[in-house]
Trainee: 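Let me begin by handing over the structure; questions about it come next.
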Amino acid sequence: MTTSKKDLREYLQDHLLIGDGAMATQLYRLGVPMGVSFEELCLSNPKLVQEVHDSYYEAGARLLETNTYSANRDSLSRYGLEHKVARINRLAVKIARESAKDDAYVAGSIGSILAGRVRKKVLDEYRDQYEEQAIALLHAGVDAIILETFLDVEELLLALEVIRPLTDAPLIAQLATLEVGRTRDGYALTEAFRQLKAAGADVIGLNCRLGPAEILRSFENVTVPEQTLLSAFPNAGRLGLTDGEYAYKSTPDYFAKSALRLREQGIRLLGGCCGTTPQHVKAMADALESLEPQLRVNPIFTQGDSPQVSVQHVRDADKPSIVERVKTETTIIVEFDPPRDLDADSFLEGCCELHRAGADAITLADNSLATVRMSNMALGALMKSRHGIEPLLHIACRDRNLIGQQSHLMGLHALGIDQILVITGDPSRFGDLPGATSVFDVTSFDLIRMVKQLNEGVSFAGRPLKQKAQFIVGAAFNPNVRQMDAAIARLEKKVEAGADYIMTQPVYDAESIKLVYEATKHIDIPVFLGIMPLTSSRNAEFLHNEVPGIKLSPEALERMKRVQQGEAARQEGIQMAKELLDTAIRYFNGIYLITPFHYSSMTAELVQYVRQQSALLKVQAAAHT
């Protein structure tokens, strides 16, 4: 298969074109270890890179991609190579050009900078990196630029927005999907392709993540804009563990058959991604030899083809959420830690005491301070089913990877538990199992956004769900900091991510309450102010000196010092909390009471006090009207 080196777009109008296969797979087979920068080999071992290009050219590939997939500043900085972005990209083009002879196209490869990591709300920080890499590739004389393995439409659109004004050269835009038919950021492929076409992409397609069968299914179920040139670079199937080694299963013969099927979908540029070899490319080239491209025929959908998304577990009208309730009346959340042993009965008794006292919701921490406790999911289900108590569960980023997080949230949805607080979580090494691993796949900002994605009926991976979740998501706020402006800026990002309400760390003086009010009054979601009664002088000193996020006033420390410990100290702690609550209920409808050491009776007394004082304030307000 040869080309006359027309403009790539013109050539694809009436020709099929075979692209190359995986660069990293071949380099690994040639002895390059994992964990190094494959792109750096353009500097240190260009002959090895050219050997890979040559093998694909000899197999029949007439579009060679430069060895620059991760040659951006962000990726190269991991190897101390961020100052060599331009040099690596320019040399990569030179190496590929020597292998391409006179009849093959050289496409400058630019990969996703996120590269599989959880995406952030703002991607503008990548603009300069895309521009830097694209300019180097264009200056070196590529025939086209291929943007590949983008999990998120929004990042790919950003790359197009940056690069399209720089050149008239062909731009190939390829998405990678985790599930058939939908991107990680929730776009159906039909809408994604439409937006990519409108943004200036000349060739649109799919690569990586999925094998030939799932790539084929994706094209069979997408409506493509008219006159769109299509590409497909599937993986060699799914990566699996065989005989103790990770390997891809798809054979070259299977790739040949798949290439014929992809041609029937109107695909004109066909290559391979992870796990593919020169043998896979040769099989495709042989299968398509002398064949002409086929016109794309979009599928015809009937009304029943689209999945219907329903909403389940709609909250009862007589049980408004805490966010609905706090808009019009004083609303109390009480924290009561799950037990550290196997006895759930005493915990549930404490929950019932707090509920009878007037708590609107009882919140359960998620292994707070990295200390192992009974599952708050199990206890929340027992509270709800046995006693009709509304649970509010903390969800830490620390203990579950993204698979576990979504599974956990899906379980909560099934149980009808929809009020949650997303927190980062204390590092495992500081808990009672210091050998445990902290996961932290995502930040609290990321997880808030991803929970809200479930509310749209879309999984973390971008797969459409048959139901929409109805999570009400809280965010934590620590006002006990030196730089309040920075803390507020961080809080505003959580609100931007989709938080529905805020719960603060406990404060211990009236001035701090007023300061929190002034600092947060511009934020248009409810704030639940944290109050935790002290139990002894030693407890006060411990909280003040050793627990992150808590700071006591000198007056509070002195008052507890005078009573030391025992019942008298607990009573003093309750009295101090009541004085703080007198101020708090004048500024906040939301009160968050934190139970110390399972002393549920202390918190129950404070719940009753808040109810009494709130009623008194209402009477006083009515008397003045």
Side-chain angles (χ1 to χ4, degrees), residues 7-9 39 42 63 65-78 81-93 96 105-177 183-187 189 191-208 225 228-231 233 269 462 496:
D7 178 273
L8 177 64
R9 290 161 292 203
E39 290 74 16
C42 294
L63 182 139
E65 296 183 38
T66 58
N67 180 33
T68 55
Y69 172 77
S70 293
N72 57 68
R73 186 167 292 273
D74 184 80
S75 297
L76 292 177
S77 66
R78 298 168 203 164
L81 299 168
E82 61 272 18
H83 58 295
K84 295 185 178 181
V85 172
R87 186 179 177 197
I88 289 174
N89 280 275
R90 288 198 303 268
L91 285 174
V93 176
Y105 295 96
V106 172
S109 172
I110 297 179
S112 161
I113 296 175
L114 279 176
R117 294 171 294 179
V118 174
R119 75 183 192 91
K120 300 184 183 302
K121 185 73 172 181
V122 179
L123 298 172
D124 279 355
E125 62 193 83
Y126 298 149
R127 285 181 179 275
D128 291 344
Q129 295 191 56
Y130 284 127
E131 182 174 354
E132 179 181 30
Q133 189 177 2
I135 288 174
L137 291 168
L138 291 166
H139 186 266
V142 293
D143 299 308
I145 283 183
I146 182 166
L147 300 160
E148 55 183 344
T149 322
F150 283 74
L151 291 173
D152 299 317
V153 175
E154 292 179 13
E155 188 190 5
L156 184 48
L157 288 172
L158 176 68
L160 286 168
E161 181 183 334
V162 171
I163 298 170
R164 182 75 282 175
L166 300 176
T167 181
D168 292 327
L171 298 184
I172 305 167
Q174 295 191 147
L175 290 162
T177 63
T183 67
R184 183 175 70 169
D185 52 351
Y187 286 80
L189 280 183
E191 175 61 17
F193 280 16
R194 185 192 69 79
Q195 291 202 30
L196 294 174
K197 177 79 170 178
D202 299 295
V203 182
I204 296 170
L206 301 173
N207 80 290
C208 205
T228 299
L229 299 170
L230 298 175
S231 65
F233 284 65
L269 172 58
E496 182 184 359

Trainee: Give a yes or no answer on whether the side chain of Thr66 reaches the backbone of Ser109 with a donor-acceptor pair at less than 3.5 Å.
Mentor: yes
Trainee: Considering only heavy atoms from C-beta outward, does the side chain of Leu196 approach that of Leu157 to under 4.5 Å?
Mentor: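 Answer yes - side chains close enough.
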Trainee: Considering residues at least two apart in sequence or located in another chain, which fulfil the salt bridge (charged side-chain N to carboxylate O under 4.0 Å, His left out) criterion with Glu191?
Mentor: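 In terms of salt bridge (charged side-chain N to carboxylate O under 4.0 Å, His left out), with neighbours along the sequence ignored, Glu191 is linked to Arg194.
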Trainee: Within this structure, what is the CD1-CD1 distance for the pair Ile110 and Ile163, rounded to the nearest 0.5 Å?
Mentor: 4.0 Å
Trainee: Using 0.5 Å steps for rounding, measure from the NZ atom of Lys197 to the CD atom of Gln195.
Mentor: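 If we round to the nearest 0.5 Å, Lys197:NZ and Gln195:CD are 14.5 Å apart.
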Trainee: Considering residues at least two apart in sequence or located in another chain, which fulfil the side-chain contact (heavy atoms from CB on, under 4.5 Å) criterion with Ala115?
Mentor: none
Trainee: Can you list the residues that meet the salt bridge (charged side-chain N to carboxylate O under 4.0 Å, His left out) rule with Asp74, with sequence neighbours excluded?
Mentor: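 Asp74 satisfies salt bridge (charged side-chain N to carboxylate O under 4.0 Å, His left out) with Arg78, Arg117 only.
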Trainee: So which heavy atom on Arg164 is nearest to which on Ala169, and how close?
Mentor: NH2-O, 2.7 Å
Trainee: Considering the options Val153, Asp152, Ile204, Leu151, which one meets the side-chain contact (heavy atoms from CB on, under 4.5 Å) requirement together with Leu175?
Mentor: Val153
Trainee: For Arg87, enumerate each residue passing the salt bridge (charged side-chain N to carboxylate O under 4.0 Å, His left out) test, keeping only those at least two apart in sequence or located in another chain.
Mentor: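 Residues passing salt bridge (charged side-chain N to carboxylate O under 4.0 Å, His left out) with Arg87: none at all.
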Trainee: Taking only residues two or more places apart in sequence, or in another chain, which ones meet Ser75 in a side chain to side chain donor-acceptor pair (under 3.5 Å)?
Mentor: Asn72
Trainee: Which heavy atom in Glu155 sits nearest to a heavy atom in Ser112, and how many Å separate them?
Mentor: OE1-OG, 2.8 Å
Trainee: Is Arg73 reaching over with its side chain to a backbone N or O of Leu76, donor-acceptor style, under 3.5 angstrom?
Mentor: no
Trainee: Of all heavy-atom pairs between Val85 and Ala71, which one has the smallest distance, and what is that distance?
Mentor: CG1-O, 3.6 Å
Trainee: Only counting residues at least two apart or in another chain, list the ones meeting side chain to side chain donor-acceptor pair (under 3.5 Å) with Ser70.
Mentor: none
Trainee: Show the nearest heavy-atom pair for residues Thr68 and Gly108, with the distance to one decimal.
Mentor: OG1-C, 4.4 Å
Trainee: Could you tell me whether the side chain of Cys208 reaches within less than 4.5 Å of the side chain of Glu148, counting heavy atoms only?
Mentor: no
Trainee: Rounded to the nearest 0.5 Å, what's the gap from CD1 on Ile172 to CG on Leu230? Could you check?
Mentor: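 Ile172 atom CD1 to Leu230 atom CG measures 12.0 Å (nearest 0.5 Å).
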Trainee: By side chain to side chain donor-acceptor pair (under 3.5 Å), which residues pair with Thr149, not counting sequence neighbours?
Mentor: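 If we apply the side chain to side chain donor-acceptor pair (under 3.5 Å) test to Thr149, skipping adjacent residues, the hits are Asn207.
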Trainee: Testing the basics here: between Pro170 and Asp7, what is the closest heavy-atom pair and its distance to 0.1 Å?
Mentor: CG-OD2, 4.0 Å
Trainee: Apply side chain to side chain donor-acceptor pair (under 3.5 Å) to Gln133 and list each qualifying residue two or more places apart in sequence or on a separate chain.
Mentor: Asn89
Trainee: Nearest 0.5 Å please: distance from the CD atom of Glu132 over to the CD atom of Glu82.
Mentor: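 Glu132 atom CD to Glu82 atom CD measures 10.0 Å (nearest 0.5 Å).
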Trainee: Can you confirm whether Leu156 sits close enough to Thr183 that some side-chain heavy atom of one is under 4.5 Å from a side-chain heavy atom of the other?
Mentor: no
Trainee: Give the C-alpha distance, both sets of side-chain angles, the deciding distance and a yes or no for side chain to side chain contact (heavy atoms under 4.5 Å, CB included) between Leu63 and Leu8.
Mentor: CA-CA 10 Å; Leu63 182 139; Leu8 177 64; 4.2 Å; yes
Trainee: Rounded to the nearest 0.5 Å, how far apart are CD1 of Ile88 and CZ of Arg90?
Mentor: 10.5 Å
Trainee: Name the one of Leu138, Leu171, Ile145 that satisfies side-chain contact (heavy atoms from CB on, under 4.5 Å) with Leu166?
Mentor: Leu138
Trainee: Dump the intermediate steps for side chain to side chain contact (heavy atoms under 4.5 Å, CB included) on Leu137 and Val93, then the final yes or no.
Mentor: CA-CA 7 Å; Leu137 291 168; Val93 176; 3.7 Å; yes
Trainee: Excluding sequence neighbours, so at least two apart, what forms salt bridge (charged side-chain N to carboxylate O under 4.0 Å, His left out) with Glu131?
Mentor: none
Trainee: Does some side-chain heavy atom of Leu206 sit less than 4.5 Å from a side-chain heavy atom of Phe193?
Mentor: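 Answer yes - side chains close enough.
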Trainee: Say you draw a straight line from CD of Glu154 to CG of Asp185; how long is it, rounded to the nearest 0.5 Å?
Mentor: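 So the gap between those two atoms works out to 5.0 Å.
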Trainee: Going by heavy atoms in the side chains, are Val162 and Tyr126 under 4.5 Å from each other?
Mentor: no
Trainee: Looking at residues at least two apart in the chain, or sitting in another chain, which of them share a side-chain contact (heavy atoms from CB on, under 4.5 Å) with Ala159?
Mentor: Tyr130, Leu147, Phe150
Trainee: Looking at Cys42 and Asn67, what are the two nearest heavy atoms and their distance?
Mentor: SG-ND2, 3.5 Å
